[in-house]
Amino acid sequence: MFEYEIQQTRSAELIRRADQARLAREAVRARRDARRDVRSDVRDGAAGAESHTPRFRRHRFARAA
């Protein structure tokens with residue numbers, strides 16, 4: 001009987017962890033989508049003033065001589 005209760009507790013804990021992980025992934029995805037929407041609005045000019053300088057991503061590696 002004791003082993004059964006331990007198994008039930010372990011199962012409930014794993015389910016709680018999975019729910020928390022899923023909720024965290026959904027929050028990250030929602031934030032990412034919100035940032036993407038804001039960037040697309042700015043790019044389209046719908047958000048008003050655009051950036052005065054283009055921001056290019058730097059290259060990962062230094063240029064060879």
Side-chain angles (χ1 to χ4, degrees):
M1 185 69 177
F2 183 69
E3 289 85 10
Y4 177 76
E5 291 176 7
I6 290 176
Q7 189 273 334
Q8 290 295 321
T9 305
R10 177 76 173 144
S11 175
E13 177 65 25
L14 289 174
I15 290 170
R16 274 193 295 275
R17 285 185 185 185
D19 288 340
Q20 288 175 347
R22 186 173 4 92
L23 186 63
R25 283 193 308 269
E26 289 173 2
V28 167
R29 189 175 298 127
R31 274 185 278 167
R32 186 183 307 135
D33 291 343
R35 284 194 311 258
R36 189 176 297 138
D37 289 344
V38 168
R39 281 195 306 250
S40 69
D41 289 346
V42 168
R43 207 173 292 132
D44 295 339
E50 295 182 16
S51 176
H52 63 280
T53 58
R55 299 185 78 190
F56 298 108
R57 180 170 277 178
R58 287 167 144 219
H59 295 288
R60 179 172 287 188
F61 302 106
R63 224 186 252 189

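Side chains included, hydrogens not; waters and symmetry mates left out as well; all remaining heavy atoms used.
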Worksheet entry | Set of side-chain hydrogen bond (donor to acceptor under 3.5 Å, both in side chains) partners for Arg16, sequence neighbours left out | Glu13
Item to complete: Go through the structure and list residues passing side-chain hydrogen bond (donor to acceptor under 3.5 Å, both in side chains) with Arg63, not counting sequence neighbours.
Response: none
Item to complete: Just jot down the salt bridge (Lys or Arg N to Asp or Glu O under 4.0 Å) partners of Arg25, sequence neighbours excluded, or say none.
Response: none
Worksheet item: How long is the gap from OG on Ser40 to CG on Asp33, to the nearest 0.5 Å?
Response: 10.5 Å
Worksheet item: Arg22 versus Asp19: any side-chain heavy-atom pair under 4.5 Å?
Response: yes
Item to complete: Report yes or no: does Ser11 contribute a side-chain atom to a donor-acceptor pair with the main-chain N or O of Gln7 at less than 3.5 Å?
Response: no
Practice prompt. Give the intermediate values and the outcome of side chain to side chain contact (heavy atoms under 4.5 Å, CB included) for residues Glu26 and Leu23.
Written response: CA-CA 5 Å; Glu26 289 173 2; Leu23 186 63; 4.2 Å; yes
